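Notes for the one structure printed next.
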Amino acid sequence: MLGGYTIGYLYYAITLYIVSGLLIIYIDASDLGKDKKKKKEWKISRFIGWFNIAAGVLMWVWDIVID
């Protein structure tokens with residue numbers, strides 16, 4: 001219907017989700033894991049990191065299935 005070229009930002013979003021999830025796990029969770037008093041913060045940062053990675057992978061798989 002539109003014809004011509006369209007700009008898609010899906011792959012940028014997928015990349016940002018995966019990279020931010022890896023950085024949260026690598027930097028934030030590893031730093032919080034050293035402190036025994038911040039066990040709850042460590043669990044939450046790991047959850048957020050893995051959630052971002054899972055969201056990015058699911059978006060990528062969904063895009064493959066749709067195409």
Side-chain angles (χ1 to χ4, degrees):
M1 181 165 114
L2 292 174
Y5 299 101
T6 60
I7 299 174
Y9 296 103
L10 182 64
Y11 290 111
Y12 294 114
I14 291 170
T15 305
L16 284 174
Y17 273 113
I18 293 174
V19 169
S20 67
L22 290 173
L23 287 175
I24 288 171
I25 290 174
Y26 181 72
I27 295 172
D28 194 32
S30 65
D31 187 41
L32 289 172
K34 295 175 185 174
D35 191 4
K36 301 292 182 190
K37 296 178 184 176
K38 297 184 178 181
K39 190 167 178 91
K40 183 184 277 187
E41 289 87 351
W42 175 73
K43 286 182 181 180
I44 291 170
S45 67
R46 284 188 59 210
F47 173 77
I48 292 171
W50 282 112
F51 181 81
N52 279 355
I53 292 171
V57 169
L58 287 174
M59 287 171 60
W60 179 58
V61 168
W62 183 257
D63 184 55
I64 290 172
V65 168
I66 293 296
D67 288 340

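Below, all heavy atoms of this structure are taken into account, side chains as well, without hydrogens, waters or symmetry copies. Note that the structure is a prediction, hence the values are computed from the model and not measured.
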How long is the span from the [atom1] atom in [X] to the [atom2] atom in [Y], to the nearest 0.5 Å?
X	Y	atom1	atom2	result
I18	L23	CD1	CG	12.0 Å
R46	D28	CZ	CG	12.0 Å
L16	Y12	CG	OH	10.0 Å
K36	W42	NZ	CH2	9.0 Å
M59	T15	CE	OG1	9.5 Å

Step-by-step side chain to side chain contact (heavy atoms under 4.5 Å, CB included) determination, Y11 to D63: CA-CA 9 Å; Y11 290 111; D63 184 55; 2.4 Å; yes
Same apolar cluster: [X] and [Y], side chain cutoff 4.5 Å:
X	Y	answer
L22	I14	yes
V57	L10	yes
W60	Y9	no

Side chain to side chain contact (heavy atoms under 4.5 Å, CB included) between N52 and I24, intermediate numbers included: CA-CA 9 Å; N52 279 355; I24 288 171; 3.8 Å; yes
To check you understand the geometry: which heavy-atom pair defines the closest contact between [X] and [Y], and what is its length?
X	Y	result
I25	I53	CD1-CD1, 3.8 Å
A55	Y17	CB-CD2, 4.3 Å
S45	L32	OG-CD1, 3.8 Å

